[in-house]
Structure formats: C-alpha cells, structure tokens
Amino acid sequence: MSVLTNMKEELINAKNKKQAIPQFNINNLEWTRFILEECQKENYPVILGVSEGAIKYIGGYKTVVNIIKGLISDLGITIPVSIHLDHGSSKESCIKAIKAGFTSVMLDKSKENLDINIKETKELIELAHPNVLVEAEIGPIGSTNKNENYTNVEDCKKLIKTNIDTLAPAIGNKHGIYDGEVKLDYNLLEQLDKLNIPLVLHGASGIPDEDIKKCIGLGITKINFNTDLQIAWANEVRKYIENNKEVYDPRKIIKSGEEALKTIVRNKINLLNRQNHTK
Ligand code: G3H
Ligand code: ZN
C-alpha cells in the first residue's frame, strides 16, 4: 500500500486530538533521506515541503516526486508522507506539481487583493479536489526584519468558503530568523480556531516551544519548519570542514550535518506530538 497521502484526513484527526503534523522543507536528496528516516524512526507522519526554489535546484517537479517515491520504497517507509508544494506562486505552478504527483499544493496569493486570492484559489480547487489538498495563505505572513502582519477574521471566512483544506494565517509569525521577541496574537488565533479548519503555522523556526504548544492548543495543526533545520545542518558542516581540511568527498561533507538535522526533526516531532505534553 502506498504511504503517499494528501494528509487531509490525518490533519483533521490531528486537529481533533490537538496535535500537529510537521512540514519539513527539503532542499536536496540527502535531506529528504535524513527527514524520512527520522520520521519513520519516530513513527510520525510527515509533510515534505518543497518550495519552487528547491524544485528548481533539485531538477524539476518530476525529479522531486521520483526521489521521494524512490526513497519511500528503498528505505521501507511506512508512515504517511505528503509531497507538498510550498508557497506556490501561480496556478500554473500548482498544476505542474499536481501533474507530477505532488499530493498537496499551496497557492500563495496572499500579496494580491482578497478577490484575486479567492478567485484563483477557487479555480485551482476545481482542478485539485478531491485528490489533492489545497492550502491558502492570508496575511501576508511577514519575513525577517519586516513588520508583523495580522490576518483579518472576516477575510478568512470568505477564503474558507472556496473549500480550501488548510488555512495559513498571519498571526505575527515570520519566515526566517526572528530579529526580536516573537509576539503571536493568541486572541486572533482563538477566533480563527472557531472557523473549524486545520490552521497552518508558517515560519515556525525560532518560535519558542511554549508558544508552539499554545498554538497547537488553539487549533494550529500543520507547522512548517525550514530555517531551524538549515542552521543546525550548516553549523555542523561548517565545523566539519574547518576541522577536516583534507576531506573532499561530498558524501562525507553533506553527511556531517546528518545527526544535527535528525536531532531537530526528532525534537520538533516530540514537541508536536501532544501525547508528550499535557496542557
Ligand atoms: O513555508 C515554509 C515555512 O514557513 C518555513 O519557515 O524557515 O521560518 O521555518 P521557517
Ligand atoms: Zn512559509
């Protein structure tokens, strides 16, 4: 039986149990293997997030799908795995992903006005459903050194009417490294939770564990991590190269960050698995 899933059912179950499923972004073949191996060891479902930049770097939409399918088979992966287009910039990009075998897509029209966001999301859903999950963003979510944005609840209600499967709101979260204290708007999150749709927390790297737990308690069901993995991996690789100047085998260099990356994956899973904490 295939372990590939759009994760719709798992996300609804997770929301009911006040748990969350991680999205870990992949950047290459090795990262994909490290993440799959660790999630399998922890026996926890995983969403492999692939940005358009990563897709281009890896070689293309089909290459990404074939790498993941190959690893699932060769490594004997049995946990649910989703292949998700992260921050898809256009309907065309989402369609390419769907045709290549992605099980989940995000159409990020959060920088456009709401009418365009709704119109394009609706058009995509007609093509994607019922097989492929569709995520939409409304905010837009900020990035490092820029002001926080906050989603408007009434706008969210309108976007949800398109029949999206998951909603990524802006609640003070930012992509990349936070340049100061993380200030999430829990009152806003409480109102969004009432909309009864799995909510996605983007930019979760750098958010303290206690805040993440609070978010899960208030309906966040999918949590996206990229920067934390990148920093952990890069720090180890940098140390390895500095201490092993004679090494030129790329396998040894890339592998030197494996344990650091797997430790982050393991820690995040333990944080997201609500059986591991009570509140
Ligand atoms: O879409 C990807 C995520 O939102 C990752 O954000 O790099 O801040 O963890 P992050
Ligand atoms: Zn994001």
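First listed ligand is number 1; within each ligand, the first listed atom is number 1. Only heavy atoms go into these numbers, but all of them, side chains included; no hydrogens, no water, no symmetry mates.
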### Query
Going through the checks in order, is the salt bridge (charged side-chain N to carboxylate O under 4.0 Å, His left out) test met by Glu242 and Lys239?
CA-CA 5 Å; Glu242 276 163 16; Lys239 258 190 259 163; over 6 Å; no

### Message
Quick check on side-chain contact (heavy atoms from CB on, under 4.5 Å): which of Ile216, Thr221, Ile207 does Leu201 satisfy it with?
### Response
Ile207

Closest approach of any protein heavy atom to [atom], naming residue and atom:
atom	result
atom 9 (O) of ligand 1	Ser205 OG, 2.5 Å
atom 4 (O) of ligand 1	Gly203 N, 2.8 Å
atom 3 (C) of ligand 1	Asn224 CB, 3.3 Å

### Task
Check each heavy atom of His87 against ligand 1 and say whether those closer than 4.0 Å belong to the side chain, the backbone, both or neither.
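The answer is the side chain.
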
### Query
CG of Leu261 to CG of Asn27: how many Å apart, nearest 0.5 Å?
9.5 Å

#### Entry: Reported OH-to-SG distance for the pair Tyr186 and Cys215, which is rounded to 0.5 angstrom
4.5 Å

### Query
Does Asp228 reach ligand 1, in the sense of a heavy atom lying below 4.0 Å from it?
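Asp228: no contact with ligand 1 (<4.0 Å).
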
### Task
Would you please determine whether Gly49 falls within less than 4.0 Å of ligand 1 on a heavy-atom basis?
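In this structure, Gly49 fails to qualify as a contact of ligand 1 - no heavy atom is under 4.0 Å.
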
Do [X] and [Y] have a side chain donor and acceptor closer than 3.5 Å?
X	Y	result
Thr121	Asn117	yes
Asn224	His202	yes
His129	Asp165	yes

### Query
When only distance counts, is Asp86 in polar contact with ligand 1, meaning an N/O pair under 3.5 Å?
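Yes; at least one N/O pair falls below 3.5 Å.
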
For ligand 1, which atoms have a heavy atom of [X] less than 4.0 angstrom away?
X	result
Gly176	8 (O)
Phe225	9 (O)
Asn226	5 (C), 7 (O), 9 (O), 10 (P)
His202	1 (O), 4 (O)
Thr227	7 (O), 8 (O), 9 (O), 10 (P)

### Task
Go through the steps to decide whether Glu123 and Lys119 satisfy the test salt bridge (charged side-chain N to carboxylate O under 4.0 Å, His left out), and finish with yes or no.
CA-CA 6 Å; Glu123 288 167 3; Lys119 181 181 168 284; 3.0 Å; yes

### Query
Is the shortest distance from a Lys or Arg side-chain nitrogen in Glu30 or Arg33 to a carboxylate oxygen in the other one below 4.0 Å?
no

### Query
Quick one: angle His202 ND1 - the Zn ion (ligand 2) - His87 NE2, to the nearest 10°?
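It is 90°, given to the nearest 10°.
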
